[in-house]
Amino acid sequence: MPEFTLGVGGAAGEGIASVGDILGKTAARLGLHMFTYNSYQSVIRGGHVWLRLRISDKKVENHGDILTIVIALNQDTADKHTAEIDPGGRLLFNADKVRVDEKALKDGARALPIPVAELLAPFGKVEAISQNTVLLGAAMHLAEIEFATVEDVIRGMFGRKGEALAKQNIEMCRAGYSYAQKNFEPLGLAWKFSRKGRMMITGNEAFSLGAVAAGCRFYSAYPMTPASGILFWMARNGAKCGIVVRQPEDELSVINMAIGAGHTGVRAMCATSGGGFALMTEAVGMAGMLEAPVVCINVMRAGPSTGVPTKTEQADLNQVYGASQGDFPRVILAPRDLLECFDTIPEAFNLAEKYQLPVLIISDLLLSEHRESLDPEALKWDVPIERGAVFPGSSNGQNGFKRYALTENGVSPRSYPGTPGGEHVAATDEHDEQGILISDVFTNPPMRKKMVEKRGRKMEHLAKELPAPVIQGPAKADVTLVGWGSNQGVMREAAEILRGEGVSTNLLVVKYLHPFHTKEVTAILKKAKFTICVEQNFSGQFERHLRAETGLSVDGHIRRYDGEPMEPRQVANEVKEVVHAGSRRR
Amino acid sequence: MPEFTLGVGGAAGEGIASVGDILGKTAARLGLHMFTYNSYQSVIRGGHVWLRLRISDKKVENHGDILTIVIALNQDTADKHTAEIDPGGRLLFNADKVRVDEKALKDGARALPIPVAELLAPFGKVEAISQNTVLLGAAMHLAEIEFATVEDVIRGMFGRKGEALAKQNIEMCRAGYSYAQKNFEPLGLAWKFSRKGRMMITGNEAFSLGAVAAGCRFYSAYPMTPASGILFWMARNGAKCGIVVRQPEDELSVINMAIGAGHTGVRAMCATSGGGFALMTEAVGMAGMLEAPVVCINVMRAGPSTGVPTKTEQADLNQVYGASQGDFPRVILAPRDLLECFDTIPEAFNLAEKYQLPVLIISDLLLSEHRESLDPEALKWDVPIERGAVFPGSSNGQNGFKRYALTENGVSPRSYPGTPGGEHVAATDEHDEQGILISDVFTNPPMRKKMVEKRGRKMEHLAKELPAPVIQGPAKADVTLVGWGSNQGVMREAAEILRGEGVSTNLLVVKYLHPFHTKEVTAILKKAKFTICVEQNFSGQFERHLRAETGLSVDGHIRRYDGEPMEPRQVANEVKEVVHAGSRRR
Amino acid sequence: MPAAAVAELPVSLFKGPVEPDWCPGCGDFGVLNALKKAVAKLGIQPKDLMVVSGIGCSSNLPGFIHSYGVHSLHGRSVPVAQGVKLANHAMTVVITGGDGDGYGIGLGHFVHAVRRNIDILYIVMDNQIYGLTTGQASPTTCKGDKTKSTPTGNPEAPINPCALALVSGGTWVGRGFSGDPNGLADLMAQGIEHRGFALLDVFSPCVTYNMNNTYPWFRPRVYNLQKEGHDTSDRVAAVKRAFEWGDRIPLGIFYKEESIPLDAIEPALKKGPLVQQPLRTSPEIQKELMLEFM
Amino acid sequence: MPAAAVAELPVSLFKGPVEPDWCPGCGDFGVLNALKKAVAKLGIQPKDLMVVSGIGCSSNLPGFIHSYGVHSLHGRSVPVAQGVKLANHAMTVVITGGDGDGYGIGLGHFVHAVRRNIDILYIVMDNQIYGLTTGQASPTTCKGDKTKSTPTGNPEAPINPCALALVSGGTWVGRGFSGDPNGLADLMAQGIEHRGFALLDVFSPCVTYNMNNTYPWFRPRVYNLQKEGHDTSDRVAAVKRAFEWGDRIPLGIFYKEESIPLDAIEPALKKGPLVQQPLRTSPEIQKELMLEFM
Ligand SMILES: Cc1ncc(C[n+]2csc(CCOP(=O)(O)OP(=O)(O)O)c2C)c(N)n1
Ligand SMILES: Cc1ncc(C[n+]2csc(CCOP(=O)(O)OP(=O)(O)O)c2C)c(N)n1
Ligand code: SF4
Ligand code: SF4
Ligand SMILES: [Mg+2]
Ligand SMILES: [Mg+2]
């Protein structure tokens, strides 16, 4: 099972992302699988950017914890990462600029200097950033990636207008490739390229495509890392997909616009990160009260407050669960992998429109910004679109339309503005079936009670639609890992490692956070021998949520909150420690 | 034990509140106890305002569920409340305006018409509102309240400038009083007036006095029912207490100003209701990250969204618990009665300053707006004021002050701006001990981890300071009522009723919501035979909180969410039903 | 908005399901009546009218007119209305709210909406007070005025909403007075017909909490800009007029210009109202989108 | 602010704990240097200076100057700074932020702070772009300009921050250019010395994401108001100048007037900075407060 992981490091502005993009796309085209995670900082130039790209011929769901080839674009990278390279790995560096401490290398790892200036000499005066292309070329040779496909990828990236530039880049890359061919042994990965073309795509881009599939027609957002990727995609592609894309003055405006649009009958979505979501909470309650559909994504980053804007964390669950005052129905979904990013959007819109409520999606920097290979056939463009009960109109032009009719399942047919006979006012004050306020003049406690219950009933019915959670891996196991959202990728591989080491392990990763499958999850956890909650935060927000919903506590937990995503080997090791400590405690 | 409850009803603008104020103050001066609850609507004129005033010679903690005298200022009131008057009760009404359906009266209740126009004739042309004073006079006679004290109270209300007006009002009141003396039997309450002067005060006013006692020097707020009472008090009295009072453009500004002031070294507070608090949440996280002290009160009203602005509910617990993204320390307190409104503010400031974090107080319309008698001696003005670790200054004018020094208890000495040698930047980005950002240039995962843990440690130490919850009532009981905040008043009386009826009942009412006394509460609940959670909301937010913190579920619950506060008899009856149903289930 | 001339409708068609619960004499009655008159005159069907408001006494208005309406959050009517208009630009969208709602908590949205220039009429019932919350200072309360929140006099200078709109690129800026119902209805009709974001600030006295800016106070002071030959195409002159306060207070149109509203140039709206567009994209576009990632 | 003349301090005293991490050539370097120069010249001790910012490249400034600072939330620097000043009005409070921070998400706070007139200098590094989030349109991005969020050109008109301050009762309104460091330092010193809220909008080019409003674009266009005999006491003239854009763009002071800032009239501040007041109230006052309820 050939596989390797490349690390590219340098300062912001040194072209790290493009190395990852070219190599990643090439691998995907050749039919390999890839997963890349970019560790960067909240600074425009400088800092230490560190991208890891894992390429394998089987599906990979995280960036792993091996390091086969490192491209050091600056001294800093060599200093930081030389010692991390696996035995048998290689360090590629610009011999003119970077000095390597060979003693730091693990046994069998080797440092391979590339005479970049010499190789670039034929090109005349070129920008300093060009070193990345030369070193990439050298890495292609080591990793035995076919050069012809790289050529195609580079050409595709520059497009028709950039033919000359593309050519120059290809030649620079070839210079590195040829130099490496002459001087270094490849890693011996023995690929079999299926040449099945795969996409290379981020979670944010998958959300965007999902929105198109869902028939989203309105997208509003205010820039905020790590949610901005959706805005970028939408700004570029919205018009051709028939989507109105707006970046208004703040997040208050973002969600209120989206609710206005959603209320009017178009599918409207918005996204932000934790701080922006905090500003949106009041309007989430408004959507609950108006019974207006809206889909909102909170892409978590390391908090609290401004926190570490370019780092990942899963610590906004409390915020999303508690968004806005009062009791009202809402749905909270946490997609667990790239494909679910796509699939969750149509699902969210169907729930939002059928039940007329806000659907909140929780993602995180890891899920939203990582790049991964994806089969194009996996994207189900032809999803069912369910718009729920809609009033068709009538010739009655009088007052009296019951927008909030008391129904058995709590859902009252909507009347899109513009529909004859369906005139009404949707109000955030408590109201009666017609929407007439009952907060003024005579507060009507019995009607108030009915309206609270009507809204509440929607949740009971909705809950029945949601697919129940299932155990992944063996039905019976010594250890059950429990988690949510994006951690699935690392948890699955950790379980695999553990099973390989004789610790039978299965996992439960929850996507449907609210409403919660209390009965099903309780049954699963009660059967489990030893449960460990794995999550990317300090206080164990999901662990607490689990207890709130089931009354059950887990036997141990693994938490990380330094901003870096978990790695499978690290998790597997910690599981063993936790089990050991836990069984001693018993 | 003499006691009666007066109900006054009419449209907004008919002077209902002043009837309650005069009678309530009079009772308090005479040494009686009183509790009043005003049921009004979100409308400036009109609507149906319904004020209930309970007067007793023992302490009363809720408005009860009896109705002894009703003053009907309009037809609506007579129509709505005639049938509710207790046997033996009286309905007073303006014979010129209101018709009463005597058949609706319970046995032994009587309707007493007052010829208002005739009684007011001697005063010439007077405003229609004057009927309230005449009817009040009649009620004083029925309730055997001393007229001389009423005179004093009215005089005090109009102040020196209003002597003529006061006199006229007194005479109008006397006209009603004398008419009743001549025509009706009093209720026969046989008061013994201790004449111990008591205050009559609202929860919001108690919060305000508590702020003065705590040394609060900055108060900011944007008007929002039911929190506005604090702003009104502060606007009138702030200057003389040395408090800067500001009403800025919105709640975002409110809390950010307060945090700026708190960071600078003054005790700063703000208050709002649920919708305003939603807007404040991002800044709550900022206070957590800057480690700035701030006290913020969320006075709940019936939600979601604009909801029923003038009605009570306890449904903002999720919002306050989940306020802002990320994990950071915060304290959540829910005062349970009038006196605790006062006491909680100094306590909150001490916690906020000693642990440098946001302290969030949850109140509700019932607690904040009800009026109650209070012994002036009960107010502990001389509370301890603990400001926590403060850097005294030094001659070192260089960079290097460690504002966020890693300490054992997580608290690092603050340096008030202006202090020599303590210069630093407090940042919402993650930072090192000096406050230098670690989100830029090089994100430092080990330092990040230390900082998260440092902030987290504050909570552990703080938790040890908080008084543990105790069982009220007998140590062992068949039924244990569990609740939080303002419901204590009604729960205590319900328990008393139940005990009187042979159902041994005790109660646990939680004030310290976060951090939570998990160990102590678990011990109490595990010992309890049958637990019932009593709260004023639809979804059972506290019940879920309890489960999240202890893993324990209650055996039954009583919830109300039509906007009206619970009443003791209603709760007692529901307890019996729940116990009955629960024991059948078992 | 209505391109071709359409027949007038009876005002009674717009009678709402309940009677307004404003205090007797409140200026907002005049605004409500004028709005009904304006839309009736323009022949806008109730089904094609969307009235969006925030929270406040004034913001209760949508409940009192027969049409579509959203009674949104305090301060958020403007973004909600923009969302509505972009979702269905065939509708006539009118925002009705108060000075606290629009110029206090909602100020940022207001100024940005002006520069964004979506085709909406924004009517502010400016009573220079927070009515519904029983009488605190608002952003247009005059300096020195006593209110419940400023018992010793307001220390802050008022904002100037018309001037704010004017310097933010406003394409139609006017002011009305609920004491002049016909003039007001006429201004509303013009504001609706204007293509772009139109601000109509209306003096709408609060008879319960504002004892300074009352009907009798306004009457001798207000004058009509259009009667004094004001040049509505001169932005600087308009700003100068907007500064007038005290003895002479202008009503009427400060400024107007032909404009192409954002909803007319937004590419996704070229094919007609968004709400009428099909939800599926073509397989060609799907393919194109996927190819970008390969 | 400093009443009596005090000795100048060395600029080096204000050297921050770390080097700025802005892109080489970023306009914000000029703003930082000018601010250090200005406070050094005015003899303000680092301990008496509080620099408050929001979030953005520009908002990182407090980290690069030795003084007190709060690096607050995106858009919230203005309320935080007002809280600081009211808590300790003996300090010199300067806000430093970006155009997105102050004129986008923070616009409401900005305009209300102008009318509230608390003694603060607000410096906005206006690069007409969102820098830190990698190049989206900001509220001052020109119409038609292409950015990451407006790839086919910005359809919204920019706001005019100086004009907004002018029509909101601003008592000191100026504009600087980080390409003119001495002029900028001088404007900052004047803004700090002004008693009241002072807005200093500064053209501070983003060399990475704004390829339209660059140093070479500005240089031939900017001119100095004070060199052209502009009357800084004429508000309408100032608004007119603020409208100038294109071939001639004014720098310098648009308007100033003597003012009494709110912190000078706030009753609770009469006895000195709030932070220095004792926390206990007298038993007499306690009694008085209680008696009100009896
Ligand atoms: C977020 C939020 N803050 C505060 C309030 C309370 N509130 C309701 S109406 C209002 C002021 C209304 O003033 P204005 O807009 O001038 O309307 P008016 O009542 O004067 O017509 C306020 C502060 C609220 N509903 N929501
Ligand atoms: C509530 C919130 N929304 C969005 C962001 C993301 N954000 C950080 S900086 C910034 C824009 C900065 O632009 P500007 O103020 O002009 O500063 P510049 O970087 O251009 O100096 C944004 C949108 C945030 N931190 N908080
Ligand atoms: S309080 Fe004022 S604004 Fe509100 S309804 Fe009454 S008069 Fe009108
Ligand atoms: S991105 Fe622009 S504003 Fe930010 S540091 Fe670089 S040049 Fe300056
Ligand atoms: Mg108003
Ligand atoms: Mg900027």
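So you know, we letter chains A, B, ... as the sequences are listed, proteins then strands, and number each from 1. This is a predicted model, so every value here is computed, not measured.
Under the 4.5 Å side-chain criterion, counting only non-hydrogen atoms from C-beta, B:Arg387 is in contact with D:Leu279. At a threshold of 4.5 Å between non-hydrogen side-chain atoms, the residues D:Leu289 and B:Lys240 count as touching. Residues B:Ser253 and D:His112 form no side-chain contact, since every pair of their non-hydrogen atoms from C-beta on lies 4.5 Å or further apart.
D:Phe64 CZ to B:Ile436 CD1: the interatomic distance, rounded to the nearest 0.5 Å, is 10.0 Å. Residue B:Leu252 holds its CG atom at 8.5 Å from CD1 of D:Ile105, rounded to the nearest 0.5 Å. Atoms CZ and CG, on D:Phe293 and B:Leu209 in that order, are 5.0 Å from each other to the nearest 0.5 Å. Atom CG of B:Asp429 is separated from atom NE2 of D:His71 by 5.0 Å, given to the nearest 0.5 angstrom. A distance of 6.0 Å separates CZ in D:Arg116 from CZ in B:Arg246, rounded to the nearest 0.5 Å. Between D:Tyr68 atom OH and B:Glu423 atom CD the span is 5.0 Å, to the nearest 0.5 Å.
For D:Gln286, the parts lying near chain B are the backbone and the side chain together; criterion is any non-hydrogen pair under 4.5 Å. If you measure heavy-atom distances from D:Val18 to chain B, the contacts under 4.5 Å come from the side chain alone. Residue B:Asp21: no heavy atom, backbone or side chain, is found under 4.5 Å from chain D. For a residue to count as touching a neighbouring chain, one of its non-hydrogen atoms must lie under 4.5 Å from one of that chain's; by this rule B:Val383 touches chain D with backbone and side chain alike. Contact of B:Ala268 with chain D is not made at all, since no heavy-atom distance falls under 4.5 Å. With a 4.5 Å cut-off on non-hydrogen atoms, B:Arg29 touches chain D through its side chain but not through its backbone. With a 4.5 angstrom heavy-atom cutoff, B:Arg403 does not touch chain D via any of its atoms. Both the backbone and the side chain of B:Ser415 come within less than 4.5 Å of a heavy atom in chain D. Of the atoms belonging to D:Leu262, it is side-chain heavy atoms, and not backbone ones, that fall under 4.5 Å from chain B. Within the 4.5 angstrom heavy-atom criterion, only side-chain atoms of D:Glu288, from C-beta onward, approach chain B. In this structure, the portion of D:Met50 lying under 4.5 Å from any heavy atom of chain B is its side chain and not its backbone. Within the 4.5 angstrom heavy-atom criterion, no atom of D:Leu291 approaches chain B. Residue contact with chain D, scored on non-hydrogen atoms closer than 4.5 Å, is absent for B:Ala292. Interface residue B:Ile201: backbone and side-chain heavy atoms are both found under 4.5 Å from chain D. In this structure, chain B has a heavy atom under 4.5 Å from the backbone of D:Pro278, while its side chain stays farther away. Both the backbone and the side chain of D:Ser72 come within less than 4.5 Å of a heavy atom in chain B. Only the side chain of B:Leu379 comes within contact range of chain D, with heavy atoms under 4.5 Å apart.
Your options are B:Gly393, B:Ala214, B:Ala426, B:Gly265, and the one with the most heavy-atom pairs under 4.5 Å with chain D is B:Ala426. Counting heavy-atom pairs closer than 4.5 Å to chain D, the top residue among B:Arg198, B:Gln434, B:His424, B:Met289 is B:His424. The candidate with the highest count of non-hydrogen atom pairs below 4.5 Å against chain B, out of D:Val275, D:Val70, D:Leu73, is D:Leu73. Heavy-atom pairs under 4.5 Å with chain D were tallied for B:Pro417, B:Gly421, B:Ala427; the largest tally goes to B:Pro417. The residue among D:Lys287, D:Gln82, D:Glu266 with the most heavy atom pairs within less than 4.5 Å of chain B is D:Glu266. Residue with the most contacts toward chain D among B:Cys241, B:Gly156, B:Gly238, B:Ala28: B:Cys241 (heavy-atom pairs, distance under 4.5 Å). The candidate with the highest count of non-hydrogen atom pairs below 4.5 Å against chain D, out of B:Val245, B:Asp382, B:Thr428, is B:Thr428.
Around atom CD of D:Glu19, no more than 12 heavy atoms belonging to other residues, nucleotides or ligands sit under 6.0 Å away. Counting non-hydrogen atoms of neighbouring residues, nucleotides and ligands closer than 6.0 angstrom, the NZ atom of B:Lys196 exceeds 12 such neighbours.
Shortest non-hydrogen contact noted between D:Gly69 and B:His263 is O-NE2, 4.5 Å. The shortest non-hydrogen separation linking B:Asn256 to D:Pro79 is CB-CB, 3.7 Å. When every heavy atom of B:Gly418 is checked against every heavy atom of D:Met91, the shortest pair comes out as N-CE, 3.5 Å. Taking all atoms of both residues into account, the shortest heavy-atom contact from D:Arg280 to B:Trp381 is NH1-O, 3.6 Å. Residues D:Glu292 and B:Lys25 come closest through the heavy atom pair O-NZ, 3.3 Å.
The backbone N or O of D:Lys15 lies less than 3.5 Å from a partner atom in the side chain of B:Asn399, making a donor-acceptor pair.
Between B:Thr264 and the choices D:Leu274, D:Asn88, D:Val93, the side-chain contact (heavy atoms from CB on, under 4.5 Å) rule is met once, by D:Asn88.
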Check: Run the side chain to side chain contact (heavy atoms under 4.5 Å, CB included) check on B:Ile259 and D:Arg76 step by step: do they pass?
Finding: CA-CA 11 Å; B:Ile259 292 171; D:Arg76 310 303 162 208; over 6 Å; no
